[in-house]
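Notes follow once the structure below has been shown.
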Protein chains: 2
Amino acid sequence: MEALKQTSFPKVDGREQRSKESRSRILKAATSIFAEKGPEGARVDEIADAAGINKRMIYHYFGSKENLYVEVLRHNYNKIYTLSKNAIDFADDPRVNVARAIRAYFYYLAENEAHVRLTSWEALCGGRCAGKLFPKFFDLIELEFDDIIKDGIERGFIRPDIDIRQVILSVHALCLVYFTRQEVVQSLWHEDMFSEEMLEACLEHILKLVFDGIFS
Amino acid sequence: MEALKQTSFPKVDGREQRSKESRSRILKAATSIFAEKGPEGARVDEIADAAGINKRMIYHYFGSKENLYVEVLRHNYNKIYTLSKNAIDFADDPRVNVARAIRAYFYYLAENEAHVRLTSWEALCGGRCAGKLFPKFFDLIELEFDDIIKDGIERGFIRPDIDIRQVILSVHALCLVYFTRQEVVQSLWHEDMFSEEMLEACLEHILKLVFDGIFS
DNA sequence: AAAGTAAGTAACTGGTTAGTTACCTATATT
DNA sequence: AATATAGGTAACTAACCAGTTACTTACTTT
């Protein structure tokens with residue numbers, strides 16, 4: 001490997017590689033610590049420790065704590081944006097489409113605590129970024145659902161008086177609440193949640209509610 | 001008024017009165033600043049300024065920032081606890097009961113931003129208090145709804161396979177989301193929300209969803 | 001192999017903040 | 001009127017934290 005010293009093939013463990021690794025270690029550590037403590041509570045020293053690098057390097061790669069935070073958010077929004085872009089896949093029955101979309105979102109939240117917490121901090125700390133820098137996400141969701149739901153209304157599956165934006169917000173709320181309001185979940189169930197069966201039961205409840213309501 | 005110097009009638013503007021007023025001014029200022037900035041972001045000096053008293057007095061009346069925060073939370077939970085205790089009022093139609101309960105909760109949230117934000121901070125900062133100190137609230141709600149919904153099931157208005165806890169959580173989620181996720185609301189509606197008509201439209205959507213779902 | 005450059009370190013700085021101290025003032029009791 | 005006590009103030013302190021400086025190490029290029 002010492003033979004590969006041409007310009008186009010830098011040493012495998014060379015500066016460039018280490019640099020990239022440092023940058024991504026910082027971003028990973030920052031994601032978990034910003035998610036845990038929020039943009040105010042997170043400490044630059046703690047992020048540096050968790051990333052196993054010197055604090056100076058955070059300023060070298062990201063300029064400031066604020067900038068690092070924005071980068072963490074961008075990463076986070078890109079992830080779900082890409083995911084939902086690729087999730088579009090039309091089936092015949094609009095019920096199947098809606099159910100699949102809800103299921104995908106619900107399990108994404110269940111498996112990405114950092115996403116849930118980062119957006120929650122953003123919501124509380126005045127949406128310093130989310131709303132302004134990454135507004136595309138809900139535009140996409142709206143467009144996506146628009147197609148599915150208009151198709152459903154045309155074919156008589158969905159009530160024509162429905163407001164798509166309300167539906168999106170409601171589904172958002174119904175999925176999110178299990179992960180953002182764990183004190184409430186705890187105080188209602190008095191036991192540990194989030195086994196595979198429990199999650200599936202919650203999702204099923206959401207689907208039943210969206211499809212039929214609670215009244216018979 | 002200077003004549004009323006007996007033991008049982010202290011001077012109107014005496015120490016006791018001023019003391020009580022100071023205490024409640026601190027509590028009021030603390031509520032609004034803790035709600036705005038959270039338990040970490042709130043500054044004791046800022047609370048003192050807002051209350052128009054010296055910082056020393058906060059330590060005199062409440063001992064510590066943490067203690068003051070707990071007191072603010074206790075106050076907040078007592079308020080809604082008392083409110084929902086008094087809201088029980090059986091009508092014949094379980095639909096009327098459920099609709100009234102949802103309406104009351106929705107408008108309580110709309111009119112009490114501090115409550116919405118305080119519980120949101122609590123949810124994120126690890127429920128240092130809410131879950132442990134004030135678990136009675138959801139027990140009460142559960143008991144209350146339990147009656148209403150069992151009555152509804154017996155009389156064939158409500159689907160018998162429904163889990164009451166899931167219903168409570170869903171209603172909680174559906175009402176809360178308008179006030180906790182304003183970036184999402186903004187990015188869906190692109191306009192200022194929360195006029196009287198808009199609020200009523202949102203509530204109507206929630207009721208329709210709970211009563212019938214979105215499918216026809 | 002020498003020079004240049006980027007990665008990395010440790011120790012520091014200036015500003016902020018929870019909590020304290022020493023002191024003053026007004027009210028209530030004797 | 002004298003004394004005790006609770007309400008109130010300003011200035012301080014010890015800890016903490018974002019960001020910086022001056023320096024060292026190691027890789028890459030010539």
Side-chain angles (χ1 to χ4, degrees), chain A residues 1-27 29-30 33-34 36-72 125 128, chain B residues 1-27 29-30 33-34 36-72 125 128:
Chain A
M1 45 202 197
E2 272 80 9
L4 301 171
K5 282 192 177 176
Q6 298 100 309
T7 323
S8 40
F9 290 94
K11 216 174 143 189
V12 180
D13 263 311
R15 273 204 306 227
E16 210 171 323
Q17 181 68 12
R18 290 186 61 188
S19 169
K20 256 189 189 167
E21 272 170 16
S22 285
R23 220 193 106 99
S24 84
R25 272 217 314 282
I26 293 172
L27 210 62
I33 287 171
F34 275 124
E36 193 191 334
K37 313 253 177 105
E40 310 262 319
R43 299 300 163 213
V44 177
D45 291 274
E46 203 186 349
I47 294 171
D49 275 5
I53 50 99
N54 188 279
K55 176 163 64 155
R56 173 72 182 76
M57 289 297 99
I58 289 177
Y59 292 93
H60 182 250
Y61 288 117
F62 296 93
S64 71
K65 183 188 176 183
E66 180 73 17
N67 244 300
L68 173 59
Y69 178 65
V70 173
E71 219 50 47
V72 164
C125 296
R128 54 218 283 183
Chain B
M1 44 202 199
E2 273 80 9
L4 302 169
K5 282 193 175 175
Q6 300 101 308
T7 324
S8 40
F9 291 94
K11 217 175 140 186
V12 181
D13 264 309
R15 274 203 306 227
E16 211 172 322
Q17 181 68 13
R18 290 186 59 189
S19 169
K20 255 187 190 169
E21 272 169 15
S22 286
R23 220 193 106 100
S24 85
R25 272 218 314 283
I26 294 172
L27 210 61
I33 287 170
F34 275 125
E36 192 191 335
K37 311 252 176 105
E40 310 261 318
R43 299 297 163 217
V44 176
D45 291 274
E46 203 186 350
I47 294 171
D49 276 6
I53 51 99
N54 189 279
K55 177 164 65 157
R56 174 70 181 76
M57 289 297 99
I58 289 178
Y59 291 94
H60 181 250
Y61 288 117
F62 297 93
S64 70
K65 183 187 177 185
E66 180 73 17
N67 244 300
L68 173 59
Y69 178 64
V70 172
E71 220 51 46
V72 165
C125 295
R128 53 219 284 185

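A note on names: the letters A, B, ... follow the listed sequences, proteins ahead of strands, and every chain is numbered from 1.
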Kindly compute the distance separating CD1 (B:Ile53) from CD (B:Glu21), expressed to the nearest 0.5 Å.
13.5 Å
Please report the C-alpha distance between B:Arg25 and B:Met57 in whole Å, then the side-chain angles of each, then the deciding distance to 0.1 Å, and finally whether the side-chain contact (heavy atoms from CB on, under 4.5 Å) criterion is met.
CA-CA 11 Å; B:Arg25 272 218 314 283; B:Met57 289 297 99; over 6 Å; no
I need the NE2-P distance between A:His60 and D:dC23, as an integer number of Å.
19 Å
Between B:Met57 (CE) and C:dG19 (C1'), how many Å, whole number?
13 Å
Taking only N/O atoms, report every protein-nucleotides 12-17 of chain C pair under 3.5 Å with atom names and distance.
from, atom 1, to, atom 2, distance (Å)
C:dT17, OP1, B:Arg43, NE, 3.2

Just N and O in the side chain of B:Tyr61: are any of them under 4.0 Å from OP1 or OP2 of D:dG8?
yes
Using every non-hydrogen atom in the two residues, find where B:Ile47 and B:Ala29 come nearest and quote the distance to one decimal.
O-CB, 3.8 Å
Between C:dT9, C:dT20, D:dG7, which one does the side chain of A:Asn54 approach most closely?
C:dT9
A:Arg25 CZ to C:dA7 P, straight-line distance once rounded to whole Å
13 Å
Could you state the interatomic distance from CD1 (A:Ile26) to NE2 (A:His60), rounded to the nearest 0.5 Å?
10.0 Å
Separation of A:Ile58 atom CD1 from D:dC17 atom P, in whole Å?
14 Å
Rounded to whole Å, how long is the line connecting atom CD of A:Glu66 with atom C1' of D:dA18?
12 Å
Identify all pairs in which a protein N or O lies below 3.5 Å from an N or O of nucleotides 21-23 of chain C, and state each distance.
none

Only one of B:Phe34, B:Tyr61, B:Tyr59 forms a side-chain contact (heavy atoms from CB on, under 4.5 Å) with B:Leu68, so which one is it?
B:Phe34
Indicate the atoms forming the closest heavy-atom contact of A:Ile33 with A:Glu46, along with that distance.
CD1-O, 3.6 Å
Without decimals, in angstroms, what is the distance between A:Glu46 CD and D:dA18 C1'?
14 Å
Within the pair B:Ser22 and D:dG7, is there a side-chain N or O less than 4.0 Å away from OP1 or OP2?
no
Between B:Glu40 and B:Arg43, which heavy-atom pair has the shortest distance, and what is it?
O-NH1, 3.2 Å
d(CD1, B:Ile26; P, D:dT9) in whole Å:
10 Å
Name the nucleic acid region contacted by A:Phe62, choosing base, sugar-phosphate or nothing; use a 4.0 angstrom heavy-atom cut-off, strictly under.
nothing
Round to a whole Å and report the spacing from NZ of A:Lys20 to C1' of C:dA6.
16 Å
What distance separates B:Ile58 CD1 from B:Asn67 CG, expressed to the nearest 0.5 Å?
12.0 Å
